[in-house]
Amino acid sequence: MHNVKMRTQSVNRILLTGGFIMGNLLWIKALYDIATANKIWPKFSFPVFFIPLFILGAVASIVLSVFCLKQIWQHKDQLKLLSGKWTLFIWLAIPISVICTSPVCYRGTIFIAPYLTSAVIRLGLLFMPILAGLLYFKGKKEVSILILLISSFLLLIPNDKCYNPFNYWWIDNVGASPLTYLPTMLVILFGITGLYGKNKYLIITIVYGLSVAALFIAIGHRVRLLW
């Protein structure tokens, strides 16, 4: 049983690292796309504060992810996943981040998205933490983390066909964009490092900061502040 747990944890470390790499690359790609969106919309421009804030967010994500991963990898022995009331804040951050992201593709309620794939992903993200959380608090912690990590990769299935300065390259070249739930993916990844007991208070700040940023972008779109 111990060997199985160790192997699962090794897989989790690799998936966590791969997830951060993919998430940060997508963030950098999004930055490039919005910075060059005037090639598609010559008369369009974001508010002057937005792109600098986006750059700051991308840099912070890269720096913090490297810092958190270093904390995870520097221990070659088995990492201990923690329990306690404070961990609930991390688990709750997952569905909260979905709710904060949802208005960017809004149709009546937070549960419905304009595109089927996006709706399935959204509903799964609202209820998946319940299953994973039950496993976590019943002692199947590494299996629970594995479920979270697999779920985070599924968020990157192209699902958004809204043609805007974030998505246009993906829609033109892939058919749909994988960016909608990128904030939730990062919430999951950072949250996992917190569950491993690494910088838990910093992590709680990060995951809720990501949710606030996602809500700002979503509402900014709805009120036509950003695009």
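In this text, all values refer to a predicted model and were calculated from it rather than measured experimentally. These numbers come from the heavy atoms of this one structure, side chains and all, not from hydrogens, waters or symmetry mates.
- For the atom pair CG (L225) and CZ (F216), the distance works out to 5.5 Å, reported to the nearest 0.5 Å.
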List, one per line, each side-chain donor-acceptor pair under 3.5 Å for residues 49-56, sequence neighbours excluded.
none

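- A distance of 10.5 Å separates OG1 in T8 from NZ in K140, rounded to the nearest 0.5 Å.
- Side-chain heavy atoms closer than 4.5 Å link hydrophobic residues (I, L, V, M, F, W, Y) into clusters, and following such links, even through other members, never connects L64 to V66.
- Residues T205 and F190 fail the side-chain proximity criterion, which asks for heavy atoms closer than 4.5 Å.
- Put simply, CG on L148 and CG on L16 are 10.5 Å apart, with the number rounded to the nearest 0.5 Å.
- Hydrophobic side-chain contacts under 4.5 Å tie L25 into a cluster, directly or through other members, with I21.
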Under the side-chain contact (heavy atoms from CB on, under 4.5 Å) criterion, do R13 and I72 qualify, and how do the steps go? CA-CA 8 Å; R13 289 194 211 207; I72 295 295; 4.0 Å; yes
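- Of all heavy-atom pairs between A119 and A113, the closest is N-CB, 3.6 Å.
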For residues 162-175, which side-chain N or O atoms pair as donor and acceptor with protein atoms under 3.5 Å away, sequence neighbours left out?
residue	atom	partner	partner atom	Å
Y163	OH	D172	OD1	3.1
Y163	OH	D172	OD2	2.9
N164	OD1	F166	N	2.8
N164	OD1	N167	N	2.9
N164	ND2	C162	O	3.4
N167	OD1	S177	OG	2.7
N167	ND2	D160	OD2	3.2
N167	ND2	C162	O	3.0
Y168	OH	D33	O	2.9
Y168	OH	T36	OG1	3.3
N173	ND2	W169	O	2.7

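- Scanning all heavy atoms of the two residues, the minimum distance from A176 to K161 falls at CB-CG, 4.0 Å.
- The closest side-chain heavy-atom distance from I34 to W227 is not below 4.5 Å.
- Following chains of ILVMFWY side-chain contacts shorter than 4.5 Å, one cannot reach Y201 starting from W91, and the two form parts of different hydrophobic clusters.
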Would L88 and F137 count as a side-chain contact (heavy atoms from CB on, under 4.5 Å) if you check the C-alpha gap in whole Å, the side-chain angles of each, and the deciding distance to 0.1 Å? CA-CA 10 Å; L88 293 175; F137 290 105; 3.9 Å; yes
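- Closest non-hydrogen pair, H221 versus V104, comes out as CD2-O, 3.6 Å.
- Here the straight-line distance linking atom CD1 of I121 with atom CG of L125 works out to 7.5 Å at 0.5 Å rounding.
- L226 and V212 fall into different hydrophobic clusters, defined by Ile, Leu, Val, Met, Phe, Trp and Tyr side-chain heavy atoms under 4.5 Å apart, directly or through other members.
- Between atom CE of residue M6 and atom CG of residue L79 there is a gap of 8.5 Å, rounded to the nearest 0.5 Å.
- Taken together through direct or relayed side-chain contacts under 4.5 Å among Ile, Leu, Val, Met, Phe, Trp and Tyr, I130 and V120 form parts of separate hydrophobic clusters.
- More than 12 heavy atoms of other residues, nucleotides or ligands sit less than 6.0 Å from atom NZ of K29.
- Considering all non-hydrogen atoms of both residues, S211 and A93 come closest at OG-O, 4.1 Å.
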Verdict with supporting geometry, R122 and S102, side-chain contact (heavy atoms from CB on, under 4.5 Å): CA-CA 8 Å; R122 183 176 300 179; S102 295; 3.5 Å; yes
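- Using a 4.5 Å cut-off on side-chain heavy atoms (C-beta onward), L154 and I157 make contact.
- Using a 4.5 Å heavy-atom threshold, the side chains of L146 and L15 count as touching.
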Please report the C-alpha distance between S97 and Y181 in whole Å, then the side-chain angles of each, then the deciding distance to 0.1 Å, and finally whether the side chain to side chain donor-acceptor pair (under 3.5 Å) criterion is met. CA-CA 9 Å; S97 71; Y181 301 105; over 6 Å; no
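- No continuous path of ILVMFWY side-chain contacts below 4.5 Å connects Y32 to I217, so the two sit in separate hydrophobic clusters.
- Proximity of a side-chain donor or acceptor of N12 to a complementary backbone N or O of E142 within less than 3.5 Å is detected.
- Taking every heavy atom of both residues into account, I147 and A132 meet most closely at CG2-CB, 4.3 Å.
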CA sep, side-chain torsions, deciding dist, call: I206, N199, side-chain contact (heavy atoms from CB on, under 4.5 Å): CA-CA 10 Å; I206 291 171; N199 313 294; over 6 Å; no
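- Judged as a side-chain hydrogen bond (donor to acceptor under 3.5 Å, both in side chains), and not counting sequence neighbours, the contacts of K141 are S83.
- Side-chain contact between I204 and I90 is present, with at least one heavy-atom pair separated by less than 4.5 Å.
- I96 has its side chain out of reach of F89: every pair of non-hydrogen atoms, C-beta onward, lies at least 4.5 Å apart.
- Evaluated for a side chain to side chain contact (heavy atoms under 4.5 Å, CB included) with Y196, the options L82, I145, I203 yield exactly one hit, I145.
- Across I219 and P103, no two heavy atoms sit closer than the pair CD1-CB, 4.3 Å.
- Here N24 pairs with S61, S65 under the side-chain hydrogen bond (donor to acceptor under 3.5 Å, both in side chains) rule; sequence neighbours left out.
- Between I62 and W27, the closest side-chain pair of non-hydrogen atoms is not below 4.5 Å.
- The CG atom of L156 sits 10.5 Å away from the OG1 atom of T180 when rounded to the nearest 0.5 Å.
- Residues satisfying the side-chain hydrogen bond (donor to acceptor under 3.5 Å, both in side chains) criterion with S45, sequence neighbours excluded, are absent altogether.
- Taking the side chain as every heavy atom from C-beta outward, L189 and L149 approach each other to under 4.5 Å.
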